[in-house]
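Everything below concerns the one structure shown next.
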Amino acid sequence: MNTGPLSKDQIAALIAEDIPPGSYVNLGIGQPTTVADHLPASSGVVLHTENGMLNMGPAAVGDDIDPDLTNAGKIPVTELPGSAYFHHADSFAMMRGGHLDVCVLGAFQVSATGDLANWHTGAPDAIPAVGGAMDLAIGAKQIFVMMTLFTKDGTPKLVPACTYPLTGAGCVSRVYTDLAVFDIEPDAVVVRDTFGITLPELANRLDVPLRGRLAMGDR
C-alpha cells in the first residue's frame, strides 16, 4: 500500500509513466487530458485528438493560447514539432482503423469484464455526451480508464455489471483510480497497486472479486 488517495494530477502522472514509449495515444475529454502535461519530451508519445490533430502538446497557458488550436474538449493546447492537421473524417478513420495504441477515457462505470459506460447515466435530466468515445473504445488497442473509484455518495464505479448504457463491451484493459490501479484480465480483476487503502479494505468496499499481485506496489 502506498500513500493515498491520489490527486487527479498524481493519477495522470501514473498513467503517463505507464504509456509505452513511442505510442500513438488519444486522451478523452475531462480528466484524461491532464495526462499530456506529464509526458516527458523523451517519451516519443504522439497524441491524437479526434477533432483533427496529431502530435498535440500539453495544455496552453498565457501567451501560448491560440483560440483556433484546441483539443476535442475545446481546451487550448500547444503543438509539438511535426504536428499535423487533417479533416475530422480522417481523424475518425485513424480511430476506427486500429491505428491508436492507447486511449485514456473517463468513466461513470467499468464492469469486472471490462465493459465501459461513460456517456450517459440514464437519469432523465442528464445530457448524453458520447462524442467519439464509442469509436475509440472499439478502435484503440488498449483502453485505460481514469476515474475516482467511488462517487461522492460512496457508490463504487468498478462494478460486477454496468447499470448505465454501455459505450463499449469488454474493451477496458486497465483502470486507474485515486485508491487503486486494476488490471482487467480474462478471469479476474487484478489489483496492481493501492494508495491509502489495504487490499482487504478494498475488497470489503467493492462487490467485484479481486485478486492481488504477489508484490503489491512493484510496478
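Model, not experiment: these values are computed from the prediction.
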To the nearest 0.5 Å, what is the distance between [atom1] on [X] and [atom2] on [Y]?
{"X": "L27", "Y": "E50", "atom1": "CG", "atom2": "CD", "answer": "10.0 Å"}
{"X": "K74", "Y": "T33", "atom1": "NZ", "atom2": "OG1", "answer": "13.5 Å"}
{"X": "L158", "Y": "M147", "atom1": "CG", "atom2": "CE", "answer": "5.5 Å"}
{"X": "F182", "Y": "L202", "atom1": "CZ", "atom2": "CG", "answer": "4.5 Å"}
{"X": "M146", "Y": "I15", "atom1": "CE", "atom2": "CD1", "answer": "5.0 Å"}
{"X": "S43", "Y": "H38", "atom1": "OG", "atom2": "NE2", "answer": "13.0 Å"}

What are the two closest heavy atoms between [X] and [Y], and how far apart are they?
{"X": "A117", "Y": "P165", "answer": "CB-O, 3.4 Å"}
{"X": "G57", "Y": "L80", "answer": "CA-CG, 3.7 Å"}
{"X": "M134", "Y": "L166", "answer": "CE-O, 3.9 Å"}
{"X": "A36", "Y": "P58", "answer": "O-CG, 3.9 Å"}
{"X": "Q10", "Y": "P5", "answer": "OE1-O, 4.2 Å"}
{"X": "T113", "Y": "I184", "answer": "C-CG2, 3.9 Å"}

Is there a donor-acceptor pair under 3.5 Å between the side chain of [X] and the backbone N or O of [Y]?
{"X": "S83", "Y": "M56", "value": "no"}
{"X": "N26", "Y": "H48", "value": "yes"}
{"X": "D153", "Y": "T155", "value": "yes"}
{"X": "S173", "Y": "I143", "value": "yes"}
{"X": "S111", "Y": "C162", "value": "no"}
{"X": "Q31", "Y": "K8", "value": "no"}

Open item on the list: Before you tell me yes or no, could you show the steps for D18 and R192 under side-chain contact (heavy atoms from CB on, under 4.5 Å), namely the whole-Å CA-CA distance, both residues' side-chain angles and the distance that decides it to 0.1 Å?
Closed with: CA-CA 12 Å; D18 283 350; R192 181 179 173 91; 4.1 Å; yes
How about [atom1] on [X], more than 12 heavy atoms from neighbouring residues, nucleotides or ligands closer than 6.0 Å, or not?
{"X": "D63", "atom1": "CG", "result": "no"}
{"X": "I29", "atom1": "CD1", "result": "no"}
{"X": "Y24", "atom1": "OH", "result": "no"}

TODO: Go through T177 and F195 one step at a time and tell me if the side-chain contact (heavy atoms from CB on, under 4.5 Å) criterion holds.
DONE: CA-CA 9 Å; T177 77; F195 313 104; 5.9 Å; no
Find out if a path of hydrophobic residues (ILVMFWY) with successive side-chain heavy-atom gaps under 4.5 Å connects [X] to [Y].
{"X": "V110", "Y": "F150", "result": "yes"}
{"X": "I138", "Y": "L116", "result": "no"}
{"X": "L199", "Y": "V175", "result": "yes"}
{"X": "L206", "Y": "V190", "result": "no"}
{"X": "V172", "Y": "V208", "result": "yes"}

Open item on the list: Once you measure the plane-to-plane angle for F108 and Y164, does it fall in the parallel (<30°), tilted (30-60°) or perpendicular (>60°) bin?
Closed with: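 Because their plane-to-plane angle is over 60°, the rings of F108 and Y164 count as perpendicular.
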- [ ] Test side chain to side chain donor-acceptor pair (under 3.5 Å) on D9 and S7 and set out the steps.
- [x] CA-CA 5 Å; D9 272 336; S7 67; 5.6 Å; no
Do [X] and [Y] have side-chain heavy atoms sitting under 4.5 Å apart?
{"X": "N55", "Y": "L47", "result": "no"}
{"X": "D187", "Y": "R211", "result": "yes"}
{"X": "F144", "Y": "L105", "result": "no"}
{"X": "T194", "Y": "T198", "result": "no"}

Task: Single hit among V145, L6, I11, D193 for side-chain contact (heavy atoms from CB on, under 4.5 Å) with Y176 - done: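 Filter result, single survivor: I11.
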Open item on the list: As a test of understanding, state which of N204, L179, L149 forms a side-chain contact (heavy atoms from CB on, under 4.5 Å) with I197.
Closed with: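 One option only clears the test, and that one is L179.
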TODO: Evaluate side chain to side chain donor-acceptor pair (under 3.5 Å) for N118 paired with T167, printing each intermediate quantity in order.
DONE: CA-CA 6 Å; N118 78 343; T167 305; 2.6 Å; yes
TODO: Evaluate the side-chain contact (heavy atoms from CB on, under 4.5 Å) criterion for residues V159 and D207: first the C-alpha distance (whole Å), next the side-chain angles of each, then the deciding distance (0.1 Å), finally the verdict.
DONE: CA-CA 6 Å; V159 294; D207 293 328; over 6 Å; no
- [ ] Go through the steps for T151 and K157 under the test side-chain contact (heavy atoms from CB on, under 4.5 Å), then give the verdict.
- [x] CA-CA 7 Å; T151 63; K157 295 183 183 180; 3.9 Å; yes
Task: Distance-only side-chain donor-acceptor flag, N71 / T49, under 3.5 Å - done: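 No, no side-chain donor-acceptor contact under 3.5 Å.
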